[in-house]
Amino acid sequence: MMQQNLSLSHQAAPKSTAAMVARLKQTDSDFEWYPTTTEILNIIKNDIDHLIDERYLESQPSILDCGAGDGRSLMYLTAGKKYAIEKAKPLISAMDREIFVIGCARKANYLQMRSSNDRI
């Protein structure tokens with residue numbers, strides 16, 4: 001299996017959604033776009049908080065976000081460990097350093113793993 005080099009020259013993340021979309025299109029990384037609204041995040045956060053209150057989850061649960069985008073949802077949902085799967089390099093580079101990117105979708109049948117030293 002050939003592994004794609006995930007290195008990118010580290011550039012500052014675009015400040016707006018429109019700038020990020022433009023960068024995704026420019027780098028041919030505009031695979032799919034599913035915006036997550038504040039309302040959606042609040043519903044998920046309330047469910048997580050309920051599970052914490054009922055002691056089904058620890059107080060700061062770890063979360064894996066598949067198709068994590070720029071990681072804003074992870075940052076909102078937990079103070080625990082944050083893991084992401086994302087294939088758009090501009091989105092990975094825009095993520096908070098607290099988020100550990102474990103891989104990116106390459107083909108339907110395999111997940112390319114990254115080490116912690118491969119941070120973009």
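Predicted model, so just to flag it, every value in this text is computed and none were measured. Note that these values count all heavy atoms, side chains included, but never hydrogens, waters or copies made by symmetry.
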Which residues share a salt bridge (charged side-chain N to carboxylate O under 4.0 Å, His left out) with Asp47, sequence neighbours left out: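 Residues passing salt bridge (charged side-chain N to carboxylate O under 4.0 Å, His left out) with Asp47: none at all.
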Can you name the nearest heavy-atom pair linking [X] to [Y], along with the distance?
X     : Y     : value
Met20 : Ala94 : CE-CB, 3.6 Å
Ala88 : Ser29 : CB-O, 3.7 Å
Thr17 : Arg72 : OG1-NH2, 4.1 Å

Same cluster for Tyr76 and Ile63 if Ile/Leu/Val/Met/Phe/Trp/Tyr side chains link at under 4.5 Å?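 Yes, Tyr76 connects to Ile63 through the hydrophobic network.
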Count I, L, V, M, F, W, Y as connected when their side-chain heavy atoms are under 4.5 Å apart, and connections chain through other members. Are Met95 and Leu41 then in the same cluster? yes
Which one of Asn46, Ile44, Leu51 satisfies the side-chain contact (heavy atoms from CB on, under 4.5 Å) criterion with Ile48?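 Going through the options one by one, the only one that passes is Ile44.
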Starting from the C-alpha separation in whole Å, work towards a yes-or-no answer on side-chain contact (heavy atoms from CB on, under 4.5 Å) for Phe100 and Lys82. CA-CA 6 Å; Phe100 184 76; Lys82 300 160 186 70; over 6 Å; no
With no hydrogens and no angle check, is any side-chain donor or acceptor of [X] less than 3.5 Å from a backbone partner on [Y]?
X     : Y     : result
Ser93 : Leu91 : no
Glu54 : Tyr56 : no
Thr78 : Pro61 : yes
Lys89 : Lys87 : no
Glu86 : Ala68 : yes

Set out, in order, the CA-CA distance, both residues' side-chain angles and the distance that settles side-chain contact (heavy atoms from CB on, under 4.5 Å) for Glu98 and Lys81, then state yes or no. CA-CA 8 Å; Glu98 191 176 327; Lys81 293 181 182 175; over 6 Å; no
Determine whether Ile99 and Met75 satisfy the following criterion, side-chain contact (heavy atoms from CB on, under 4.5 Å), listing intermediate values before the conclusion. CA-CA 8 Å; Ile99 299 169; Met75 297 305 293; 4.0 Å; yes
Let me see the working for Val101 and Ile85 under side-chain contact (heavy atoms from CB on, under 4.5 Å), right down to the final yes or no. CA-CA 6 Å; Val101 180; Ile85 296 174; over 6 Å; no
Does Asp53 CG have over 12 foreign heavy atoms under 6.0 Å away? yes
